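This one's a predicted model, so the numbers in the text were calculated from it and none came from an experiment. Atom set for the values below is all heavy atoms of this structure, side chains included, hydrogens, waters and symmetry mates excluded.
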Amino acid sequence: MKKWVPAASGLLAGFMAATVFFADFSTGPKGTASNDTANKSNAEKVYVPYGELDEYYMLSSGGHSGQLFVYGLPSMRKIRTVPVFTPDPATGYGFDTKTKEMLGGYTWGDFHHPAISEIDGEYDGKFVFANDVANNRIGVVDLSTFHTADIMELPNMGGPHAGTFVTQNTEYIIMPTRFSVPIGKEYAPLDEFEEKYKGVVSMVTFDQEKKKLDMAYQIMLPPWSYDLSDAGKKMSGDWIVMTTYNTEFATTNNEINASQNDRDYIVLLNWKELEKKVSAGEYEEVNGAKMIDPRKHKGSIYAVPVAKSPHGVDVTPDGTRFIASGKLAPLMTVFSFEKAFEAIKSGDFETEKFGIPILPYDKVVEREVDPPGALGPLHTQFDDKGHAYNTMFISSEIVKWKIDTGEIVDRTPVHYSPGHSTATEGDTASPDGKWIVSLNKIAKDNFLSVGPSHPESMELIDISGDKMSLTYTAPVDPEPHYAQTIHRDKIKTIKIYEKDENREHSVWKQEDTRIERKGNEVHVYGIAMRSKFVFDAKAERPDEIKVKQGDKVVIHLTNIDLDQDITHGFGIMDHDLNYEVQPGQTSTIEFTAEKAGTFPIYCTNFCSALHQEMSGYLLVEPK
């Protein structure tokens, strides 16, 4: 009994602390929630008991870390860091032969905008695509394994910041450039910017069976800067919309010179029309890519004026409208696809800019939404009740409003300076309307100090009722740009890699392990199992690799423990080499044995009670 009392007291104290810190004691009017969060405290809303699972995956870009961060909602627990554009010593990503080749010698990437593959405008949960602004790359993560499956470099680009986003059936992953550069990045003075510099959009396809990316074609555009983009849905499914800035063609002091015009443009591209033209051979070959200039093909490109320096543009779930957020003009502007199509059909253009017909603003706009005192609108998300939610970077809040009328319904402060936000299924044709997460650029004094650089933060907001309710805040690794949130039922992960006896370089039985010498190359066909490595079962010491100084060593290692979560690591001391082999997986690592000596090999990933004993030796005989 004496032992029971302190334990019970601790539980009671914990419950009281949770109530004090998380419960909502406000006395204002409460909205009626449409789900079971209505009468829960904030602590209860985010608490996921042992044995239960979060309802949603949040797949968040890692900014200049080059990684994908995976969170569970509503708990906001970080589940996994998936390396995409950056080597990861913990998993050996970038060390084994395949991933090292994918990274192509780069050690970092700048990943801004994930996009989940779609069918009929709905997330299908199979893949998520990633952009690397810094190195003109696109990557794809297989959501059955949460491992990067492929990376491809994009020619003729100046930083694909406006991607990634996908057409409604993932026909294309669309990657518009941020910076305009001369084609092929050839030298050209900035005084010749307007004549020689180009904007480019890459239209990328993905073979889901082979898990390979490919360049379908590229679109040549004027040398504006292309910011954020989206693809149409349903009645607008053939179209792409993109925000632009620097229509002034400024080349220096852009914080001033690229903000002179009262209006910039949203570009509308008909990708279906361009696809037909490319199929008919109406393109030029430029640095290995099929390049088409839509200005030479009627019906494929238009623009509409928009409030200066817009950032986000987002298509509504029903595909009938696109909403632009004016970064420097505090407006959300609602445009109608139907009105745009009518103006195009009747040839109603107010002028032409750089060869692009300009649609009259007043013929395409539905309304301007200007919440009093709200400053710095950046991005829009949606719920299932006809509402839009906008992040306000300068006034640090999220504003909820009705798409059909522009009426401001609610506002909630966030802490601080939100960029993007992500609502549950919020980019799809049928959002869930349960949660929105504000991805904030600044945290300041919200968490324990870790020195001059504070963590960024993200805040979970309940949007299931009439009023938004700020529920939880959490620190996040640098730097959250954008995220998409998908229901857990849509993602079908595998537990182990399927045993494939025909897989190249794989070995499934101890007696088949072997070490083969081919000239100055040594090929090891080994296995990892609890709790040993076997490199050559017929050798006196089966866990020894013996080579000569200067040999090229190629180690093919198969994890034959076909049991979930029994991952083995493989590290060689003093060689800066480590990688993991998951259950049923075969991985290859290559290196040159430049240093003579004795080097322990050991399992770097805890796998069993005898994990410490899972070891061996690399012996390198001196020349």
Side-chain angles (χ1 to χ4, degrees), residues 121 165 168 227-245 262-270 301-351 356-372 374 376-392 398-411 421 423 426-431 433:
F165 61 104
Q168 62 181 346
D227 204 346
L228 267 287
S229 314
D230 203 358
K233 299 180 181 74
K234 300 178 181 178
M235 60 90 73
S236 59
D238 296 351
W239 291 82
I240 302 163
V241 288
M242 299 182 293
T243 56
T244 68
Y245 63 99
D262 288 334
R263 298 279 188 186
D264 286 302
Y265 298 104
I266 291 179
V267 174
L268 292 83
L269 281 167
N270 189 319
I301 187 169
Y302 304 93
V304 60
V306 69
K308 67 160 62 179
S309 297
H311 191 46
V313 61
D314 299 276
V315 175
T316 56
D318 62 6
T320 61
R321 302 159 187 154
F322 53 99
I323 299 170
S325 300
K327 184 171 57 179
L328 295 186
L331 294 174
M332 288 83 77
T333 309
V334 183
F335 294 97
S336 164
F337 274 112
E338 185 178 358
K339 289 184 176 183
F341 297 159
E342 287 174 1
I344 291 168
K345 186 176 180 180
S346 63
D348 190 358
F349 310 128
E350 68 175 27
T351 185
I356 299 174
I358 306 299
L359 304 175
Y361 178 80
D362 59 355
K363 296 290 182 68
V364 183
V365 70
E366 273 196 5
R367 67 188 50 83
E368 294 177 346
V369 182
D370 186 5
L378 293 186
H379 301 287
T380 312
Q381 285 283 278
F382 304 99
D383 68 12
D384 56 341
K385 304 176 191 69
H387 297 117
Y389 298 77
N390 270 86
T391 51
M392 298 289 173
I398 288 183
V399 176
K400 174 183 178 180
W401 53 280
K402 291 183 179 179
I403 299 169
D404 286 340
T405 65
E407 176 191 351
I408 308 304
V409 176
D410 194 19
R411 303 164 74 150
S421 63
D427 285 323
T428 71
S430 53

Measure from the side-chain N and O atoms of Thr351 to the backbone N and O of Ile358, and report whether any donor-acceptor pair falls under 3.5 Å.
no
Find out whether Thr333 and Tyr361 are in side-chain contact, i.e. whether some heavy atom of one side chain is under 4.5 Å from a heavy atom of the other.
yes
Calculate, to the nearest 0.5 Å, the distance between atoms CG and OG belonging to Asp262 and Ser309 respectively.
10.5 Å
Roughly how far, to the nearest 0.5 Å, is the CG atom of Leu359 from the OH atom of Tyr302?
8.0 Å
Over 12 foreign heavy atoms within 6.0 Å of CD, Glu368
yes
Can you say whether the rings of Phe322 and Phe335 are parallel (under 30°), tilted (30 to 60°) or perpendicular (over 60°)?
parallel
Of all the heavy-atom pairs spanning Ala423 and Phe382, show the shortest one and how long it is.
CB-O, 3.7 Å
Using a 3.5 Å distance criterion without hydrogens, assess whether the side chain of Asn390 forms a donor-acceptor pair with backbone atoms of Pro377.
no
Of the non-hydrogen atoms in Pro431 and Asp384, which two are nearest, and what is the gap between them?
O-CB, 3.2 Å
Spell out, as yes or no, whether a donor-acceptor pair under 3.5 Å connects the side chain of Glu338 to the backbone of Thr320.
no
If you define the side chain from C-beta out and look only at heavy atoms, does anything of Ile403 sit under 4.5 Å from Thr316?
yes
Where do Met392 and Pro371 come nearest, in terms of heavy atoms and distance?
CE-CG, 4.1 Å
How are the rings of Phe337 and Phe341 set to each other: parallel, tilted or perpendicular (split at 30° and 60°)?
tilted
Worked check of salt bridge (Lys or Arg N to Asp or Glu O under 4.0 Å) between Asp404 and Arg321
CA-CA 10 Å; Asp404 286 340; Arg321 302 159 187 154; 2.8 Å; yes
With heavy-atom distances below 4.5 Å as the criterion, would you say the side chains of Met242 and Val313 are in contact?
no
Distance from Lys400 atom NZ to Glu407 atom CD, nearest 0.5 Å?
10.5 Å
Atom CD1 of Ile344 and atom NZ of Lys363: how far apart are they, to the nearest 0.5 Å?
13.0 Å
Report the distance from atom CG of Asp318 to atom NZ of Lys233, rounding to the nearest 0.5 Å.
9.0 Å
Shortest non-hydrogen contact from Ala429 toward Lys234:
CB-CE, 4.0 Å
Between Ser421 and Thr391, which heavy-atom pair has the shortest distance, and what is it?
CB-CG2, 3.6 Å
Quick one: are Ile408 and Val369 in side-chain contact, heavy atoms under 4.5 Å?
yes
Taking atom types as modelled and ignoring hydrogens, do the side chains of Tyr245 and Asp227 form a donor-acceptor contact shorter than 3.5 angstrom?
no
Between CD1 of Ile240 and CD1 of Ile301, what distance do you get to the nearest 0.5 Å?
10.0 Å
Where is the tightest heavy-atom contact between Thr380 and Ser325, given as atom of each residue plus distance?
OG1-OG, 3.7 Å
